[in-house]
Chemist: 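Supplied in structure tokens, the structure appears directly below.
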Amino acid sequence: MIAELGHFALILALLLALLQATVPLLGAARRDLGWMALPRRTALGQFVLVSVAFMALIHAYVISDFSVANVYENSHSAKPLLYKVTGVWGNHEGSMVLWVFILSLCGAAVAGFGGNLPAELRARVLAVQGMIGSGFLLFILLTSDPFQRLMPAPPDGRGLNPVLQDPGLAFHPPFLYLGYVGFSVAFSFAVAALIEGRVDAAWARWVRPWTLAAWCALTIGIAMGSWWAYYTLGWGGWWFWDPVENASLMPWLVGTALLHSAIVVEKREALKTWTILLAIVTFSLSLIGTFLVRSGVLTSVHAFAVDPARGTFILLLLFIAIGGSLALYAVRAPRLKGGGLFAPISREGALVLNNLLLTTAAATVFLGTLYPLFSEELGGPKLSVGFPFFDRTFAPLMVPLLMAVALGPLLAWKRGDLLGALQRLWLAFAAVAAVGLLGFYLTHGGPVLAVFGLGLAAWVFMGAVLEWAERVKLGRAPMDESWRRARHLPRAAHGMTLAHLGLALTLAGIAASAWQEERIEIARPGQDLAIAGYTLHLDEVAQVAGANFTADRARITVTKEGKAVADMHPEKRFFPVQQMPTSVTAIHTNLLADLYVALGDSDGAGGWTIRAYWKPLVPWIWIGAVFMAAGGVLSLSDRRWRIGVAHRVPRGARVAGAGD
Amino acid sequence: MRRLLLCLALVAAFAGTAFAVEPGERLTDAALEARARAISKELRCLVCQNESIDDSNAALAHDLRVLLRERLAAGDSDEQVRDFLVRRYGQFVLLRPPIEPATYVLWFGPFAVLALGAMGIVVYLHRRAAREPAPAPLDDSERRRVARLLKEDG
Amino acid sequence: MRRLLYSLPVALFVVLAAYFGVALFSGRDPHAIPSPLVSEPTPSFELTGLDAAAFSQDALKGQVTLVNFFASWCLPCRAEHPLLMRLAEQEHVPIYGIAYKDKRADTERFVAGLGSPYRRIGLDEQGRVGVDFGITGVPETFVIDKAGRIRRHYGAPLTADQVRNDLLPLIRELTRG
């Protein structure tokens, strides 16, 4: 009954979406206020209806209603409640419902918080959102209906994959989707602007918060996925250039470029057509990612079950959405007037460089991911593109970008003084030299690239700190003056500093992986393993039984120079129902380095393989990502984004905020 | 997810879960072992998704790790070991595609895009500057005004 | 000129979509790894047969044969087994089996229980011959012509459709030619 309700709600939502896709566009063209006001209600209505559908699906999972085919395939009565709920989006149909849920949430947010937008723009933006919603709701209803029933209802479900029962993995899709789908708002703004034929500073200011919010979510989503892989897979890898990982990285790279180029549109009204293109491309990459994961065209650990009908439908959606918007771009963009001039060496110049490098990096990832497919189609050999390719192409592109991160904010708009900026960064140079020397000293001339990377991280870090210090005149004015300046700095400035600091931390974490130590030994209980100054003493390996698994559990006491540091309990679990083994790695972190221990096989004679890794600075990879997202959130809270549309006030009336 | 299940099921079928390089596989000669690790990192595990044989748990990965160590111990060069495997499994086994005409677009593509983009920017800036003349430089009285204003602002 | 530049993104996209379309409709299996051994001579191997006699690639010369890698622990091999029996008994196709990473006793039991479509069975306990043939699992089947060259590789269990539409016509063509 509830499932049918959910199904019906989706159908109603589709009808509303179709309405929303058409009426406001006509309304904006005819300047009919009534028709332009319609989408605010339909957007809200859609959100309510899709929420009902989503709740209906969650309900079916929670009560383990196995007459619903989707629940049968992907759930099991023995699953803990948390994982029953998160299992809703661990499969194709359920994740599509999550997709449209977030899409309708974005639409409702624009309807609700978009009071400061001019009526025509808002109407058009919501119309485009409606088009996207219609497409995906149709997709769900025609090819991926989660509410199909199974008669007779089977006694229990098939979905008890222990690998999926993990908090990191369970919450990573919602953040990812908030990112992917969140970029649809920027897309809608871009298409609306093209329809309207006008892009200006105000447009950039309106687009920014939505793009920023999506970007923060995507940053967190990618970081969570990477962190999950790190602690689950047993040897501490955290990025594999898997096609679906790349599909999330590409929108992130282009989204970062979009955030930066929108600044130029806002401040200088330049780079307008480029920014519009970026907004379209970012969401297009999200859509292409959706296609790659669900069509079966590429193989990947993440890929959902394949169905050519679904692939075809998504391809059609892609064609209409991306082809349509890019065709509109080809026709309308040339008419947009260009904006301010700037010299190559200037803040705009640095942002243009940022965009060039980020989009080239995205193109590189795109090429690497899809080349095997294209090569095979053209009759070439079946190729494999992995780490070695990306190390040699992606990494070199990032180097000049990171150099610019410290320099760019110090350059003036329109015409910057490079020499002056470099001089103000002398402390950053000093930091780089210090880090470099320290690195060489510690490793006796070890991995050069890693030392370089660490130096670059120091450069970015110090650059961000020095720029902030300059803004608040730290050291050059009395402390309370600096404090006053800091408090009055727009939050977006603090956000930028925080985000760039986060970038430096992540870079440092990545570079330092060259210094990791590894010890893989067979040890008997009572024996020791030495790694990175720590002594790992294997106390015992015991057999334990869990709810639905048996496990070999090792107890390892870690000491450093005689002092106790930690007790670690790596496990190897075996789930008899699924005949599936998993490992539980033990990680001890002091936030500067991780001690990572996994239990291997028994040698049958009382000895066990212990794999121990010491990974310096690895936690900084994820701490950096959190800083980046925090910087984004801080920027979001800047009150300048809540600026309203100018409206006439009668003469003599008090204007609030005047003289502020 | 199904693929991951299949992979893990295959692994489980081969008694127990080995995690990548086993102590028993390692060569005693440290230099040879280092070469073996470096080569393994660039060879794809063919029954897994995007893992190298150095990282993978699969039995086939184990077999290949042992095999390539034997060949190294027998005196093969790195190139010969890679060729040995490519002859049997095709180029797909290499995680680093060779640089040859079929892959020029792949390897040189990124730099071509960068170059094209940079050229595009240069042309764009040039054309804009040519179309709109630079503002006239300040004369003396204007310069003095600017200096005075800046001094006031501190 | 400017117009052309603005049309570039949509043009590139159309090409991309075309590629995706072809990939979708070509019916290719993204998991299939094409074997580089097709059109190459059979890799040489020396195995002990289940019958305790030696078994090498020489046994395959002079006739069109099938080499099938299988194992007693492999479930899909059991599913494929009836097809192989039919090929051997009704179509009289010479099939040679190689037991991959299997213990002698287990292979004997497998064959005793299900029947053997194989003229001879080699025991590849270490799996080295499997690596030489470039297999990544079992079952995998190779079609070898009279001159001892590999002509076709099936990386997955044979299906009835494949046998009818692809394998048998190929064998007939190779036998004639």
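Hydrogens, waters and symmetry mates play no part in the numbers below; they use all other heavy atoms, side chains included. Each chain gets a letter, A, B and so on, in the order the sequences are listed, and its residues count up from 1.
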Chemist: Given the rule in the side chain to side chain contact (heavy atoms under 4.5 Å, CB included) test, do C/V15 and A/F374 qualify, once you have shown the distances and angles that lead to the verdict?
Modeler: CA-CA 11 Å; C/V15 172; A/F374 297 153; over 6 Å; no
Chemist: Quick one, A/L378 and C/Y19 - any side-chain contact, counting heavy atoms below 4.5 Å?
Modeler: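 A side-chain contact under 4.5 Å exists here.
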Chemist: Evaluate the side-chain proximity of C/L16 to A/I288: yes if any heavy-atom separation is below 4.5 Å, no if none is.
Modeler: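 Heavy-atom side-chain distance check passes, below 4.5 Å.
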Chemist: Should the heavy atoms of other residues, nucleotides or ligands under 6.0 Å from NZ of C/K103 be counted, would the total exceed 12?
Modeler: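 No, the 6.0 Å shell around NZ holds no more than 12 heavy atoms from other groups.
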Chemist: For chain C, find which of A/V281, A/T273, A/L277 contributes the most heavy-atom pairs closer than 4.5 angstrom.
Modeler: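 Greatest number of close heavy-atom pairs with chain C: A/T273.
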Chemist: Would you say CZ of C/R119 has more than 12 non-hydrogen atoms from neighbouring residues, nucleotides or ligands within 6.0 angstrom?
Modeler: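 Yes, CZ of C/R119 has more than 12 neighbouring heavy atoms, counting only those of other groups under 6.0 Å.
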Chemist: If you draw a 6.0 Å radius around CD in C/E91, do more than 12 non-hydrogen atoms from other residues or ligands fall strictly inside?
Modeler: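 More than 12 heavy atoms, drawn from other residues, nucleotides or ligands, come within 6.0 Å of this atom.
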Chemist: Give the intermediate values and the outcome of side chain to side chain contact (heavy atoms under 4.5 Å, CB included) for residues A/I280 and C/F13.
Modeler: CA-CA 12 Å; A/I280 295 177; C/F13 172 70; over 6 Å; no
Chemist: Can you confirm whether more than 12 heavy atoms, excluding those of C/F45, are under 6.0 Å from its CZ atom?
Modeler: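 Enclosed: over 12 neighbouring heavy atoms sit under 6.0 Å from CZ of C/F45.
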Chemist: Within the 4.5 Å heavy-atom criterion, are A/L370 and C/F20 side-chain neighbours or not?
Modeler: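 Result yes, sub-4.5 Å side-chain heavy-atom pair found.
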Chemist: Please report the closest heavy-atom contact between C/V10 and A/G323, naming both atoms and the distance.
Modeler: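 For C/V10 versus A/G323, the nearest heavy atoms are CG2-O, 3.7 Å.
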Chemist: Heavy-atom cut-off 4.5 Å, strictly under: side chain, backbone, both or neither for A/I322 against chain C?
Modeler: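 It is both, since atoms from each part get that close.
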Chemist: Please give me the minimum heavy-atom distance between C/G21 and A/L315, naming the atom from each residue.
Modeler: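 Smallest heavy-atom distance, with atoms named: CA-CD2, 3.5 Å.
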